[in-house]
Amino acid sequence: MAPTALVDLAQHHKVVAEAPSNGLHLSNSHHTTVTPKEDAPSRNLKRTEFLLDRNLHKSFPLVKSACGNYINLVDGRTVFDATSGAAVSCIGHGDKRVIKAMYSVLNTGIPYLATTFWACEVVEELCKELIAGTDGKMARVYLTGSGSEAMEAAIKLARQVFYEKDPATRRVNFIAREGSYHGNTIGALGMSGHPVRRAPYEPFLMDNVHHVTACNPYRQRTDGESDTSFVARKAAELEAKFQELGPETVVAFVAEPVVGAALGCVPSVPGYLKAMRDVCHKHGALFILDEVMSGMGRCGTLHAWQDEDVVPDLQTIGKGMGGGYQPVAAVLISSRVVNILLNGSGQFIHGQTYQGMPVQAAAALEVQRIVREEGLVDNVKRQGLYLEKCLRSRLAGHPNVGDIRGRGLFWGLEFVKNKITKEPFDARLGVAQRILEAAISAPFNMTMYPGTGCADGFRGDHVILAPAYNVTKEDIEHIARVASDVVHLVFRKLVNL
Ligand SMILES: Cc1ncc(COP(=O)(O)O)c(C=O)c1O
């Protein structure tokens, strides 16, 4: 489909933007720089009294509504959502088709159904759609309400696979990676190689999770090292970890194919996933991919593993699966694993109250149909290449932009104090947070998703750009221009501190 036709279709589903209040003018390009009214800052910022916010000292902009890629604030400003929230709103906000699908389920009186008693058509339809998206390479879907819950389910299911065959199995160890994030519940956090988020809970995180290094060429590749040698080094490290633990004690290896929040959009080096899978399978362990952030089209293929056709035994998905219309996530399960259950107890010993709800399924199904019918994954690929080009041309020469990396519409900028030594900034400077604060304020009015710890777990600043899959060329130019302006401004100010 020609890009223009694709974009027209995408526009078709966006609800008409609410007319901006207090005399604000939206320019023709629909990218608008709006000056807030004089009293705006106080009206716009909200420190909540009753909600335990993520940051109790911070005030957050008050949102009124959202539409397409725009978030309308109470102070009248309109902010361009260049991050889809936290890489979630993959078809933008307020899509009429998805809202209608959700309403039709609500009208049946069964937004919730107990999975202990009942089956439901829309849930089955969703699972069929998800399995079709793997070209039949995965066999079943286990539905959850969040990415962390999907990771918990994957951890338990992986263990149960070996328990089914032998209740006295010695397979108790997991191998995950440094510089990773798999969720905030205790099991998922135990998998995560994210020192800052782990620190308060370290004493009771699972001690059967072991970490190998991430696949991060910007910080780890030695001078002149080829992809092949780099991958061989990583495979040797995983092999050594298996040997150290005893290969017969390992349940699974867990990795994000493109690392999201922990490192800022770091794709695996070509050949890496296959090499890691081969080590796992050589020792009879499972190969698990966490695609909660990088999957469901975000990286230019519906599943990130499809880029090199390295099929996992278990895969978690979330975020872009429901596009923010409902809290919904899942584990995709290979036939190898399903068959072990079928030939064993026939049950997965797990379950939660709010899972597989018809209203969740209706939203996710409609989002997935829109992504498929409108060819949005192709648009991700096309616009992603353009975003890379625009970011590189504007920011590659900046003295504090150490690395620009990513895939599809999932791009990270890593900031350094010294480009030659790659020395990160002092964490107390809060560089990534400063970038967000500047970006989200007038005159820039755009989201940029901040992260820290990408250099050594504690130091290292990055931001993520992850717009909706239906962005246009004009949107991409806007994102790159604003990102560049913000970066230049923030570092100019830092120099003068
Ligand atoms: C790769 C990855 N896995 C798991 C999670 C946890 O998902 P959730 O926040 O929906 O629990 C996240 C969230 O950012 C993630 O990026």
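Note that the structure is a prediction, hence the values are computed from the model and not measured. Start at 1 with the first residue, then count along the sequence. Each ligand, and each atom within it, is numbered from 1 in the order the structure gives.
- For the pair Arg372 and Glu129, the salt-bridge criterion is met [side-chain N within less than 4.0 Å of a carboxylate O].
- No more than 12 heavy-atom neighbours from other residues, nucleotides or ligands sit within 6.0 angstrom of NZ on Lys389.
- Figure legend: cation-pi geometry between Arg221 and Phe230, with NZ or CZ positioned under 6.0 Å from the six-membered ring centre and within 45° of its axis.
- Glu239 and His283 are linked by a side-chain donor-acceptor pair at a separation below 3.5 angstrom, with hydrogens and angles left out of the test.
- An N or O contact shorter than 3.5 Å is missing between Glu149 and ligand 1 by distance.
- Against a heavy-atom cut-off of under 4.0 Å, Gly183 is close to the following atoms of ligand 1: 4 (C), 5 (C), 6 (C).
- With a 4.0 Å cut-off on non-hydrogen atoms, Glu256 touches ligand 1 through its side chain and not its backbone.
- Neither the backbone nor the side chain of Glu291 comes within contact range of ligand 1; no heavy atom lies under 4.0 Å.
- Heavy-atom proximity to Lys319, at under 4.0 Å, picks out these atoms of ligand 1: 13 (C), 14 (O), 16 (O).
- Remark: minimum distance from atom 2 (C) of ligand 1 to any protein heavy atom is reached at Tyr181 O, 3.2 Å.
- For the residue pair Asn69/His93, the side-chain donor-acceptor check at 3.5 Å is not satisfied.
- Using a 4.0 Å cut-off between charged nitrogen and carboxylate oxygen, Asp278 and Lys274 count as a salt-bridge pair.
- Applying the 4.0 Å criterion to heavy atoms of Ser146 picks out, from ligand 1, the atoms 10 (O), 11 (O).
- Both the backbone and the side chain of Ser148 come within 4.0 Å of ligand 1, judged by heavy-atom distances.
- Closest to atom 7 (O) of ligand 1 among all protein heavy atoms lies Gly147 CA, 3.2 Å.
- Counted by atom type alone, Glu291 and Ser294 present zero donor-acceptor pairs between their side chains at under 3.5 Å.
- Distances from atom 16 (O) of ligand 1 to the heavy atoms of Met191, Met293, Met151 put Met293 nearest.
- The closest protein non-hydrogen atom to atom 5 (C) of ligand 1 is Val292 CG1, 3.7 Å.
- Ranking protein heavy atoms by distance to atom 3 (N) of ligand 1, first place goes to Asp290 OD2, 2.7 Å.
- No hydrogens or angles considered: a donor-acceptor pair under 3.5 Å links the side chains of Lys234 and Thr213.
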